[in-house]
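Reading through the structure tokens given below for one structure.
All values derive from a computational prediction rather than experimental measurement. Sequence lines set the chain letters: A, B, ... in the order given, protein chains first and strands last, and positions in each chain run from 1.
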Amino acid sequence: MQNALSRQLTPSQKKAVFHVEGPLLILAGPGSGKTRVITHRIAALIDSGIKPSNICAITFTNKAADEMRQRAGTLGASAGAHISTFHSLCVRILRRYALKAGINPNFSVYDDADQKKCIKQAVKACELDTTNFPPARMLEALSTLKNNLTDIDSFKTQADDFFSKTLAKVYASYQTILTDANALDFDDLLFKTAFLLYNHPDVCAELGNRFKFLLIDEYQDTNHAQYKMAKNLVSTHNNICVTGDPDQSIYGWRGADIRNILAFEKDWPDATVVKLEENFRSTPNILEVADNLIAANQKRKPKKLIPTRPTGKDIVISPFDDEIEEAQGLAEQVKELTQQGASTKDMAVFYRVNSMSRVLEEAFIKNKIPYQIVRGVEFYSRKEIRDLLAYLKILVNPNDEIALLRIINTPARGIGKTTIDKVRSYATRQNITFYDALKKAHQIDSLSKAPKSKIASFVKMIDQFKKDTAGHIAPLAEHIFNESGLEKSLKDAGKDGENAIENVNELISAAAQYDEQAEDPSLLDYLQQISLFSDVDVYDTSTERVALMTLHCAKGLEFENVFIVGAEDGLLPHERTSSDDDNDQMEEERRLLFVGITRAKSGLNISYAKYRTIRGQVLRTIPSPFLFELGIDFTETPAENHYHYDDSTSQDIPQFAPNQMVRHKKFGLGTVKEFIDMGQNSVIVVQFTSGQTKSLMLRYAKLEIIENS
DNA sequence: CATAGCCGCCTTTTT
DNA sequence: GGCGGCTATG
């Protein structure tokens, strides 16, 4: 068997595959056959007599887990090995050891939309102003704390400035809200699991016995909580194998700590290190460019990508006038490649921010090119999907207030804000949950007859649904969709409703698939698993269409032809990072482009636009500084008056002259009477055809020049 | 209580 | 430019 497995493997790959006991670090550059090595390794472990159920492999996305399961399956090693993401594993562990973790196993998993609602409540409960304490900011801060395993008490003692002290209060308040709702957010999953293991050596021992071999992919993107968790999971045997590439660390903003991989040999002094430096994916042309770029990072161990393929096509850097031209140019290149026999499913377009997909989409539609947008969440954040899932969540966890509030009047059933407020204050007074208060609605004096009976029938309906939660998910979901009135309300909503119904049907068929395939199917498991899914996981690689995605999503994928758009300063690197003098973030942006480039097998096109409309403003751009680091003949120099846009105060202020014809979005056509040039504060006086004359701040007016005088 | 329309807020990347 | 939340109105 060893011979069969080792065929077609290089010596270093073989070493990584067949080294069995003890800690193992696989430093795998892009395109080095890492996935292959891991799956072979799983097969080799099983081949050497280890039970599949004693193997636990952790991937970065659910999709990667699916693929690994499949590939391991083709090597005859699928059944029994636990392959999932950190988050999925945490859900399993927390459910199993709920008592010791101090939680209720029926917990809901809160995604970012739910989190946002909770943090708003928390900020409000602390009597803080949302302008000074923006929810998104607070959430980010809390996320960092949790990822670093800082609990409320220890943060309280170390908080010495006003902001930290305030944050400590919000932290406590936020956690109370989640605890009351019996909910955990994404960060809590890791946090609670890490603490569970830290506090319970017996659990570590038991899990160490269950998972005798731990493999972690994309180790460079693990955060502190994941690191601690991993450490404790293998504390009894040290059979840990991690793979990763420091040059592909692109999740620092999410708490990923590149030091985890850099310090692996310190953490496990007897570690075996295998380097996979050969690249089997890309042409030398592409690798050279990637090498040149990444060499600009200071904080890095020098490393060369070793090409194995013959020389291929030149890398193309194309300038365009604006993003529309760029998208059109891209579409034309795609067509040309297709005519030469290339397949659209082997092509991908990468961009820095999701909002850039729109223009590309329009160009692709116009040119009749099939495409697929691979986006972070999308499907599960649709209103109709969230609504239906909220019904299901209530059945498992009636304390889930976010879900309950979502559906109590969806579809409209006459339970409005006033009624809800009354029930809520009753719940607070009686110190009972919102759901229990609903059940006791008939006892609430402040409610009149009508709302009381409406609440009663709502509660009755939910109780009815609760009766058959034991069976399959799909029929239950369908039943609830019907009986709750959701379906009817969508049917009455016309065109949009039709679309929504289609989405719900898609959800139901996905649920049917779950019913058939899940290891341990239950409504609880379904809901907990589904909340960890994103659209990236559903991305379909088999049909003929160009994939459009962010550079972050591109990690782990490969395509024959890659297009990277928007290589402009402020976008890549993104202004939010480069305006800082924080060099670490600049290096991460560089790694992001490195990841993008190294996805390409043979064709690489990078483009930028000289003008780009961002949030409705046309801005003059300059090419990304990274373009000059690629080491290829990039002669396109910035024109005279290119300048940088780093915030809203430095925009391009066009010049106007009297008698010029302009159009205003609201006031219509008009003639310029006067133009007072004061740079950012320029004022323009326009007489509109409607008769009125207005002085406008040019900065805000968004005038369109119709005709030059 | 529901609906429509308006205002103001936010706007990088994602498990 | 887009969404959520608020308010005024039916």
Would you tell me if any nitrogen or oxygen in the side chain of [X] comes within less than 4.0 Å of OP1 or OP2 on [N]?
{"X": "A/Asn62", "N": "B/dT15", "value": "no"}
{"X": "A/Thr419", "N": "B/dC1", "value": "yes"}
{"X": "A/Asn354", "N": "B/dT14", "value": "yes"}

Let me know the distance between [atom1] of [X] and [atom2] of [N], rounded to the nearest Å.
{"X": "A/Lys116", "N": "B/dT11", "atom1": "NZ", "atom2": "P", "result": "7 Å"}
{"X": "A/Ile373", "N": "B/dT14", "atom1": "CD1", "atom2": "P", "result": "13 Å"}
{"X": "A/Lys146", "N": "B/dT14", "atom1": "NZ", "atom2": "C1'", "result": "16 Å"}
{"X": "A/Lys117", "N": "C/dG4", "atom1": "NZ", "atom2": "P", "result": "8 Å"}
{"X": "A/Arg386", "N": "C/dC3", "atom1": "CZ", "atom2": "C1'", "result": "14 Å"}
{"X": "A/Leu139", "N": "B/dT11", "atom1": "CG", "atom2": "P", "result": "11 Å"}

- Out of curiosity, A/Glu558 CD to A/Thr598 OG1, how far, rounded to the nearest 0.5 Å?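 Spacing of CD (A/Glu558) from OG1 (A/Thr598) equals 10.5 Å.
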- Spatial distance of atom CD1 (A/Ile216) from atom CD1 (A/Ile58) [nearest 0.5 Å]: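 If I round to the nearest 0.5 Å, the distance is 5.0 Å.
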- Would you name the heavy atoms of A/Ile564 and A/Ile597 that are closest together and state the gap between them?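 So the two residues come closest at CD1-N, 3.8 Å.
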- Query: What heavy-atom pair brings A/Tyr219 and A/Asn260 nearest, and what distance separates the two atoms?
  - Reply: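 So the two residues come closest at CE2-O, 3.3 Å.
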- Could you check whether A/Phe86 gets within reach of a base, just the sugar-phosphate, or nothing at all, counting any heavy atom under 4.0 Å?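 Since no nucleic acid heavy atom lies under 4.0 Å of A/Phe86, the category is nothing.
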- Hey, does A/Ser88 reach any base, or is it just sugar-phosphate, or nothing, if we go heavy atoms under 4.0 Å?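 Nothing: the residue A/Ser88, judged by heavy atoms under 4.0 Å, touches no strand.
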- Query: Listed by chain and number, what are the ring-ring contact (aromatic ring centres under 6.0 Å, His included) partners of A/Phe458, not counting sequence neighbours?
  - Reply: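 For A/Phe458 there are no ring-ring contact (aromatic ring centres under 6.0 Å, His included) partners, ignoring immediate neighbours.
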Go through [options] for me and flag the one nearest to the [X] side chain.
{"X": "A/Arg358", "options": "B/dC10, C/dG2, B/dT14", "result": "C/dG2"}
{"X": "A/Ala136", "options": "B/dT13, B/dT11, B/dT15", "result": "B/dT11"}
{"X": "A/His552", "options": "B/dT15, B/dC1, B/dT14", "result": "B/dT14"}
{"X": "A/Thr550", "options": "C/dG4, B/dT14, B/dT15", "result": "B/dT14"}

- Item | Nearest-angstrom distance, C1' atom, B/dT13 to C/dG4 |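 Rounded to whole Å, the distance is 23 Å.
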- Query: Taking only residues two or more places apart in sequence or in another chain, which ones pass salt bridge (Lys or Arg N to Asp or Glu O under 4.0 Å) with A/Arg96?
  - Reply: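 Only A/Glu206 meet the salt bridge (Lys or Arg N to Asp or Glu O under 4.0 Å) criterion with A/Arg96.
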- Task: Would you please indicate yes or no on a ring centroid separation below 6.0 angstrom for A/Trp253 and A/His574?
- Result: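 They do not qualify: ring centres at least 6.0 Å apart.
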- Message: Looking at B/dT13 and A/Trp253: do their rings stack (centroid distance under 5.5 Å, interplanar angle under 30°)?
- Response: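 Yes, A/Trp253 stacks on the base of B/dT13, since the ring centres sit under 5.5 Å apart and the planes are within 30°.
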Considering only nitrogen or oxygen atoms on both sides, find all protein atoms under 3.5 Å from nucleotides 2-6 of chain B and state each distance.
from, atom 1, to, atom 2, distance (Å)
B/dA2, OP1, A/Asn409, ND2, 3.4
B/dA2, OP1, A/Gly414, N, 2.9
B/dA2, OP2, A/Asn409, ND2, 3.1

